[in-house]
Structures are given as C-alpha cells and as structure tokens.
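To start, the structure itself, in structure tokens.
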Amino acid sequence: MSSQDRALPASQQLIEQTLAARDRIDVLFNNAGSFNALGAIWEVDPDLWWQDVIVNLRGPMLTCGAVIPVMIRQGSGIILNMRGGDQIPGGTGYSCSKVALQRLTELLAKEVTAVAAPILVVGMGPGFVHTEMTQLQADAPEGRRWIPGSGRAIAQGRARPPQDCARKSVELVRRATPAFHGKAFGPDSDLDAMLAEASPQIPQ
C-alpha cells in the first residue's frame with residue numbers, strides 16, 4: 001500500500017480498493033455492529049458506550065459518504081443499513097445508535113432524492129439472532145441482569161437464523177424499486193404487499 005493510500009480514511013480506502021478490483025460498486029451493506037456497553041448508563045464505561053455509537057452510526061455515515069459519489073457517477077446503487085433493537089434498557093449505546101442509524105437512512109434517502117441521485121437507500125433489521133453479541137448478553141452478569149430475554153431466547157431456541165436476514169437482504173437487492181426507498185425492513189417483511197400498496201404512486 002502506498003503512502004497516499006495510508007493517508008486516506010479507512011472508508012475511502014475500502015472504496016478505492018473495491019473499485020480497483022471490480023470497477024464499480026452496486027451495493028453497500030453496512031452490517032458491522034457493536035454492543036459492548038452492557039448495563040445502566042450510570043454503570044457502563046463511557047468509552048465503551050461511545051465506541052458502540054462510533055461503530056454503529058459513524059461507520060455507516062463514513063462509508064455512505066464515500067460510496068455515494070461513486071454511485072452517482074455510475075448511475076445506480078443500493079445502500080442497506082443494518083438497524084437493530086431500539087428499546088433495550090441496559091444497552092443504551094447500541095439502542096441509541098441504531099435509532100439514529102434508521103433516522104440517518106430516512107434522511108439520506110431524502111438527500112439523494114433531492115439531488116436526483118439514482119440510489120436506493122433502505123434499512124434492514126435482523127430480528128433476534130444468536131451471535132457472539134447476543135451470547136455476551138446471555139453470559140455477562142450485566143447482560144443477565146438488564147437483558148435477560150436474550151439468554152432465555154437462546155436457551156429456548158427462539159433465536160432467528162442469520163440466513164433469514166441474508167435471504168431478505170438479497171431479495172431486497174434483487175427486487176429494488178423506488179417503493180422501498182427510505183423504508184425499514186425485517187426478515188418477515190412482505191415485499192409483495194408493499195409493492196401492491198405502493199404501485200399506484202410509483203412513476204411509470
């Protein structure tokens with residue numbers, strides 16, 4: 001990597017390296033997530049709390065800001081922002097950042113529309129999935145105290161397989177339409193019903 005590459009922000013490096021390998025970027029899926037600040041807000045390490053916000057909100061903001069000029073130049077693009085639980089006492093850093101990410105998704109959709117950019121922006125939620133993140137909630141004393149539902153869901157086999165979200169994300173990309181712009185989806189979202197409801201408003 002050249003000294004010029006090292007000087008670029010990581011988000012811009014990612015975009016440049018992808019373009020060098022593939023010439024274009026059709027889909028950006030902001031899927032990284034952090035949930036390390038477990039406990040009441042007066043108990044948690046403020047640095048861990050803020051790190052959750054940095055990963056969950058600042059990260060997608062930076063990657064979106066870096067990729068949108070590319071998508072505008074190439075004439076198309078789809079952005080999926082992975083949202084998450086928004087009412088989790090004992091996980092306020094995660095919850096607040098995910099609420100903000102969904103609002104960012106909605107506003108970003110309005111911004112690209114305002115400049116007639118041919119980009120689709122949507123939010124995607126996974127539901128409750130058994131991951132390292134949710135296992136930490138089940139194992140850590142703070143998680144068992146504040147988020148006991150995670151441990152119960154894992155023990156009872158009620159965690160959703162990650163493939164559900166992956167399949168719905170692929171379906172969203174495959175069936176991309178202006179009717180989805182700025183909206184939030186989950187693994188059980190009925191895309192056919194949404195299209196049927198929105199079709200009279202879609203310009204022909």
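Just so you know, residue 1 is the first one in the sequence shown, and it goes up from there.
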At what distance, to the nearest 0.5 angstrom, does [atom1] of [X] lie from [atom2] of [Y]?
| X | Y | atom1 | atom2 | result |
| --- | --- | --- | --- | --- |
| L172 | C165 | CG | SG | 9.0 Å |
| R103 | L57 | CZ | CG | 12.5 Å |
| I54 | M61 | CD1 | CE | 10.5 Å |
| L136 | T131 | CG | OG1 | 9.5 Å |
| D192 | E197 | CG | CD | 13.0 Å |
| I79 | T63 | CD1 | OG1 | 7.5 Å |

Compare every heavy atom of [Y] with every heavy atom of [X], then report the nearest pair and how far apart it is.
| X | Y | result |
| --- | --- | --- |
| A179 | L195 | CB-CD2, 4.1 Å |
| I147 | P89 | CG1-O, 3.8 Å |
| G182 | Q102 | O-NE2, 4.3 Å |
| A138 | I154 | CB-CD1, 4.1 Å |
| G39 | V44 | O-CG1, 3.4 Å |
| L48 | A37 | C-CB, 4.0 Å |

Is [Y] reachable from [X] through a run of hydrophobic residues whose side-chain heavy atoms are each under 4.5 Å from the next?
| X | Y | result |
| --- | --- | --- |
| W42 | L38 | yes |
| I25 | V112 | yes |
| M71 | L108 | yes |
| V55 | M133 | no |
| F29 | V121 | no |

Return yes if a side-chain donor-acceptor contact under 3.5 Å exists between [X] and [Y], otherwise no.
| X | Y | value |
| --- | --- | --- |
| D139 | Q135 | yes |
| R24 | S76 | yes |
| N56 | S34 | no |

Using modelled atom types only, decide if a donor and an acceptor are shared between the side chain of [X] and the backbone of [Y] within a distance under 3.5 Å.
| X | Y | answer |
| --- | --- | --- |
| Q156 | A153 | no |
| K168 | S189 | yes |
| S150 | T134 | no |
| H181 | A109 | yes |

Notebook entry, point to check: Does R152 reach the side chain of R158, with side-chain heavy atoms less than 4.5 Å apart?
Noted result: yes

Margin query: Taking the basic N atoms (NZ, or NE/NH1/NH2) and the acidic carboxylate oxygens, is any pair closer than 4.0 Å for R145 and E142?
Written below: no

Note to self: Between K98 and D52, does any NZ, NE, NH1 or NH2 come within less than 4.0 Å of an OD or OE carboxylate oxygen?
What the structure shows: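 No, D52 and K98 are not salt-bridged.
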
More than 12 heavy atoms from other groups under 6.0 Å of [atom1] on [X]:
| X | atom1 | answer |
| --- | --- | --- |
| Q87 | CD | no |
| R175 | CZ | yes |
| R58 | CZ | no |
| R22 | CZ | no |

Check: Can W146 and Q137 be said to form a side chain to side chain contact (heavy atoms under 4.5 Å, CB included), step by step?
Finding: CA-CA 9 Å; W146 286 100; Q137 297 164 20; over 6 Å; no

Notebook entry, point to check: How are the rings of Y94 and F35 set to each other: parallel, tilted or perpendicular (split at 30° and 60°)?
Noted result: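 Geometry flag for F35 against Y94: parallel rings.
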
